[in-house]
Undergrad: 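Take a look at this one; I'll ask things after.
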Amino acid sequence: MKKKILLLFAITTFMASAASAQFIIGLQGSYLSGSPNAGSQFGIGGQAKIKISNRVAVGGTLRGWLKNETTTGSGSNTVVAGDGMSQLAGMLEIFLGSHTIQPYIGTDAGLYFTNIKVSGSTSGGNVNTDNKKTYFGVAPKFGIQFNTGFLSPFVQAQYHWLFGGGSDITIPGVDNTPINVKSYDKFFTLDAGLLIQIGRVGGKK
């Protein structure tokens, strides 16, 4: 009986909170600077969050950056290193105002799925290998949300730290010569996109 009462209380509390919360989903473009071997990358992402008060939102984000490649050598002695990465993370955002232009700070924390691919040929033969790693990372953020209504634009900047990243990756080469590339470590991203805001916080904008 006590379990049923506790379950009913939990459901009632959740429904009451949901009724006074604002649901937000969004799409964004992303620019990444600091890719270890290729410099910069472009990507896309999506997010979903609940604004539980005019000051606090929680949710999650999924982003992926297009593989960027850098080439060394020329002709028959050419090696290409490509960096690819995606992110799946939870988010916490704290809003600093309740006006149309609303700055916010916060952080993402979650998993980064990386893939460093090296391929090419030299006078001694061919090399073709993938180095796939998963890291846990955090990404403090600062952004501005423009509350213009149902569709609201936003911009944000983040600095990402990947725990255990930044190491040298040695790829077996040819002619007994290893090929050294770097794993992801620290980098900067700039995002811009549109948010769809559903409902109001506590019945207020």
Side-chain angles (χ1 to χ4, degrees), residues 25-49 58-93 106-143 154-194:
I25 57 175
L27 293 174
Q28 65 217 57
S30 183
Y31 170 77
L32 184 155
S33 177
S35 175
N37 304 297
S40 61
Q41 295 167 260
F42 292 93
I44 58 174
Q47 60 174 273
K49 58 190 176 185
V58 294
T61 184
L62 174 64
R63 282 183 285 184
W65 291 272
L66 300 175
K67 183 175 290 185
N68 204 358
E69 296 181 339
T70 181
T71 302
T72 58
S74 61
S76 60
N77 296 300
T78 301
V79 175
V80 178
D83 298 346
M85 183 174 61
S86 58
Q87 174 203 26
L88 177 63
M91 68 165 66
L92 169 67
E93 295 175 348
T107 189
D108 295 348
L111 299 177
Y112 292 78
F113 307 95
T114 70
N115 183 14
I116 310 297
K117 180 178 176 63
V118 177
S119 61
S121 62
T122 71
S123 58
N126 297 326
V127 58
N128 188 358
T129 184
D130 293 317
N131 187 281
K132 298 180 180 180
K133 298 286 186 180
T134 300
Y135 299 97
F136 178 81
V138 296
K141 69 174 73 174
F142 171 77
F154 77 99
V155 294
Q156 69 179 23
Q158 289 185 271
Y159 196 71
H160 303 251
W161 282 278
L162 275 59
F163 296 97
S167 59
D168 291 324
I169 301 172
T170 301
I171 306 296
V174 294
D175 294 334
N176 297 317
T177 302
I179 300 168
N180 293 316
V181 295
K182 290 273 189 183
S183 66
Y184 283 88
D185 181 15
K186 301 179 179 70
F187 54 89
F188 168 84
T189 57
L190 180 65
D191 295 77
L194 280 176

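The residues of the chain are indexed from 1 along the displayed sequence.
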Undergrad: At what distance, to the nearest 0.5 angstrom, does CD of Q47 lie from CE of M91?
TA: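 With rounding to 0.5 Å, CD (Q47) is 4.0 Å from CE (M91).
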Undergrad: Please enumerate all residues that pass salt bridge (Lys or Arg N to Asp or Glu O under 4.0 Å) together with D108, with sequence neighbours excluded.
TA: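 Testing D108 for salt bridge (Lys or Arg N to Asp or Glu O under 4.0 Å), a comparison that skips the adjacent residues, returns R63, K141.
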Undergrad: Report the residues that fulfil side-chain hydrogen bond (donor to acceptor under 3.5 Å, both in side chains) with S30, sequence neighbours left out, ordered by chain and then residue number.
TA: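 side-chain hydrogen bond (donor to acceptor under 3.5 Å, both in side chains) check on S30 returns W65, D191.
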Undergrad: Quick check: closest heavy atoms across S183 and G165, and the distance to 0.1 Å?
TA: OG-C, 3.7 Å
Undergrad: Using the test ring-ring contact (aromatic ring centres under 6.0 Å, His included), find all partners of Y31 that sit at least two apart in sequence or belong to another chain.
TA: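 Checked Y31 against ring-ring contact (aromatic ring centres under 6.0 Å, His included); matches are F42.
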Undergrad: Could you state the interatomic distance from CG (N115) to CE (M85), rounded to the nearest 0.5 Å?
TA: 11.5 Å
Undergrad: Taking only residues two or more places apart in sequence or in another chain, which ones pass side chain to side chain contact (heavy atoms under 4.5 Å, CB included) with L88?
TA: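 With sequence neighbours excluded, L88 shows a side chain to side chain contact (heavy atoms under 4.5 Å, CB included) to L62, F113, given in chain and number order.
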Undergrad: Does W161 have its ring centroid less than 6.0 Å away from the ring centroid of Y159?
TA: yes
Undergrad: Apply side chain to side chain contact (heavy atoms under 4.5 Å, CB included) to S35 and list each qualifying residue two or more places apart in sequence or on a separate chain.
TA: L32, A38, Q41, D83, Y184
Undergrad: Report the residues that fulfil side chain to side chain contact (heavy atoms under 4.5 Å, CB included) with L194, sequence neighbours left out, ordered by chain and then residue number.
TA: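 P153.
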Undergrad: Holding to salt bridge (Lys or Arg N to Asp or Glu O under 4.0 Å), I want the full list of residues that pass it with K133, two or more places apart in sequence or in another chain.
TA: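 Expected list: none.
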Undergrad: According to side-chain hydrogen bond (donor to acceptor under 3.5 Å, both in side chains), who are the partners of Y112, at least two apart in sequence or on a separate chain?
TA: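 Counting only residues at least two positions away or on another chain, Y112 forms a side-chain hydrogen bond (donor to acceptor under 3.5 Å, both in side chains) with Q87, H160.
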Undergrad: Just jot down the side chain to side chain contact (heavy atoms under 4.5 Å, CB included) partners of A109, sequence neighbours excluded, or say none.
TA: F136, V138
Undergrad: Output all residues satisfying ring-ring contact (aromatic ring centres under 6.0 Å, His included) with F188, sequence neighbours left out; order by chain, then residue number.
TA: none
Undergrad: Kindly write out the residues that satisfy side-chain hydrogen bond (donor to acceptor under 3.5 Å, both in side chains) with T61, not counting sequence neighbours, or none if the list is empty.
TA: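 If we apply the side-chain hydrogen bond (donor to acceptor under 3.5 Å, both in side chains) test to T61, skipping adjacent residues, there are no hits.
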Undergrad: Roughly how far apart are I116 CD1 and K67 NZ, rounded to 0.5 Å?
TA: 8.5 Å
